[in-house]
2 protein chains.
Amino acid sequence: MASRTTTMAPEAPQAPLIRSSVEAAHALIQPHIHRTPVLTNTTLTTLASTPQTGDALKGTQWEGQEPAKPKAKLFFKCENFQRIGAFKVRGAFHAVMRLIEQEGIEEVRRKGVVTHSSGNHAQALALAARSFSIPAHIVMPTISTPSKIAGTQAQNATVHFSGSTSQEREAVVADVIQKTGATLVPPYDHLNIILGQGTMALEIQTEVAKLLAEGESLDAVIAPCGGGGMLSGIAVALHGTGIKVFGAEPSFQGGDDARRGVEAGERITSVKTLTIADGLRTPLGDHTWKIVSDKAYVSGLYAVTEKNIKDAMKLVLERMKCFVEPSAVVGLATILYNEDFRNMMEREAGEKGWNIGVVFSGGNTTIEAITKIFAEVPEEKAERHEGVVGADGKRVAENVAG
Amino acid sequence: MASRTTTMAPEAPQAPLIRSSVEAAHALIQPHIHRTPVLTNTTLTTLASTPQTGDALKGTQWEGQEPAKPKAKLFFKCENFQRIGAFKVRGAFHAVMRLIEQEGIEEVRRKGVVTHSSGNHAQALALAARSFSIPAHIVMPTISTPSKIAGTQAQNATVHFSGSTSQEREAVVADVIQKTGATLVPPYDHLNIILGQGTMALEIQTEVAKLLAEGESLDAVIAPCGGGGMLSGIAVALHGTGIKVFGAEPSFQGGDDARRGVEAGERITSVKTLTIADGLRTPLGDHTWKIVSDKAYVSGLYAVTEKNIKDAMKLVLERMKCFVEPSAVVGLATILYNEDFRNMMEREAGEKGWNIGVVFSGGNTTIEAITKIFAEVPEEKAERHEGVVGADGKRVAENVAG
């Protein structure tokens, strides 16, 4: 192949990764995004503040330990109600609008934008580009589900097919760039994407403050971590506020690459997991690693099992009546089922307990996909963690919304 | 059996079925219920205002007809986010609180309340009773699903088992009343229940007004019709406001008993349908028939197929990201798929179109139940109505939230 230069969305002049840059991003993209609601739910908050049973811990690394007794009040940031059904529009609009500022709308329209993604970022970029009449090129694996291909095409984007490996995808991206001059807008490892995703943290802060009594404050936020764009953005936005930021990952087949990398002090650059949290199958990038691995930004990373994710998803659908994708609930699953997190919370939050923001990142799944997920034989014991709190304070099965 | 007098929640002194009675009910129950949100959704509003394809009408009674071209903006009243996951708490709290006013709390606590229901009303009454430390007796068929039994027991109610016929249920209710003196709070055919359910109409009016531009107004409300308590309450609340009220039912196995009864001029008192809209399997009662069959209150009744219900449910879950039960979406299904309704709307609403309130009555279903519903072979052609609107204005498959 001929040598090619990849045209990334320019990073200079680039706003620094500080809170005021997130505020500027928010002001810029606000007309184009939904201000998604922050919801509470009595059932889930009660469950979070109720110790797991010894039986629930059987077969886990916490078997035989005294269950933690944390206190937490949960505030759910529902980005499943966001445009295109996921937070990704925040970063996509921000990157596209900064590109327009830097190059001028005519130039951006002439060249277009390109990305490789079969997921939410593809639709987000297609929507952002369409909003400004900019051509969007989306490189998708040939094996992508037809509904995703149709969805992206319905946003007027041009879909280019590639093989499934990252080399094959990048070759097609390079080809598109050579032919069109399109600017690459990557899904997470880009400063303007990070700043865009961070805007949700500002909304969480404002909305939770409205719901709290005088003298109370938001203590922590937990968000899913895949490529780390959202987690980094939230951490940048909340840095210096005293609000702790945590990341949550699936443990299945090493999907907790960020946690393992931070523990080992070295970024893990390749992940091969088929976790049901399919938005979180990617490793961290250069930029996101720097933030996520910095304890001054992200206080801790925690992992949950496939069973934990399914149990949390079932609770959110059936009890909270919110339609979410599996990736969206790893934060809640951590709060409910990860004893390391729960012990830490008990220790740090004490009697007063924590007010904790929980990010539901998106809701782009289907009844068909959910049917498949719940039909699979769980890799652990059945129905262990599920249930809510009965009159006796124990976790029991129930069918009552909060 | 010895002769028994059934003690119904007393209806005298009883507020008349007029809007001010609904307002009084609202003031009374407001501290105990959630003010559920009114949501909009671009995808569904666009779909409502897009003609069905000729292909979609194949095999229906409208085959070969010119598809209607109505204009509608939809406002969804999300009672799936209500306490216990359904609107039923409105009526239950109202009936219980009026009973307390009339008999005194000590007397009501001494006697308790009783109902026969395996559904949302059972949990609603159990919750309302528990809130005032009143014993609740719930008569449920022995064959009820264990989760519903456990859910009702978790509300501290005493569950009494009966056979499945109405005679068997009523015998057990009479037995409970004889032994305890409990007051019967029936699920829908009771004036205080009707007034309680009607309170949601006041909230719809207020919330939609906030969302509309100056000079615009709410034109109509459509709600599911089972026993007719909610539909009657809404019709009473909106009577005289100029806002039209419509009812929606499942057509499967004669589930559209209210529509057929009104057409024939005589109430149908027995329904045997296994429609997936399981909250709507009941016939109208004495009180609800009077209101529902009065054109001055309910402008029209429309029916939808099981396929229509499934298609609408899929759209609400996957596109709107709201978890709803099948009964909840018959109103939306009517707007999207019933050509009689759509032609009427085109005719009456004209170029300006209608702002129409659409009641999502509840969200009490499970992933397991949804899996079963969508695994069944549809009684009509597959995937016909599903999809949203593409750039060309045609209905196409897409995966994009509003």
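Letters A, B, ... mirror the listed sequences (proteins, then strands); counts begin at 1.
Counting heavy atoms from C-beta outward, Asn364(B) and Lys321(A) have side chains that approach closer than 4.5 Å. In this structure the side chain of Glu368(A) never reaches within 4.5 angstrom of the side chain of Phe374(B), judged on heavy atoms.
Not counting sequence neighbours, Gln197(A) has no partner by the side chain to side chain donor-acceptor pair (under 3.5 Å) test.
To the nearest 0.5 Å, the span separating CG on Leu317(B) from CG on Leu317(A) amounts to 7.0 Å. Annotation: the span from Met320(B) atom CE to Phe323(A) atom CZ amounts to 13.0 Å, rounded to 0.5 Å. Note: Arg83(B) CZ to Thr43(A) OG1 = 10.0 Å, rounded to the nearest 0.5 Å.
Sorted by first and then second residue, the pairs that involve residues 135-154 of chain B and meet ring-ring contact (aromatic ring centres under 6.0 Å, His included), not counting sequence neighbours, are His137(B)-His160(B).
Ranked by heavy-atom pairs under 4.5 Å with chain A, the list Val316(B), Leu39(B), Ile367(B) is led by Ile367(B).
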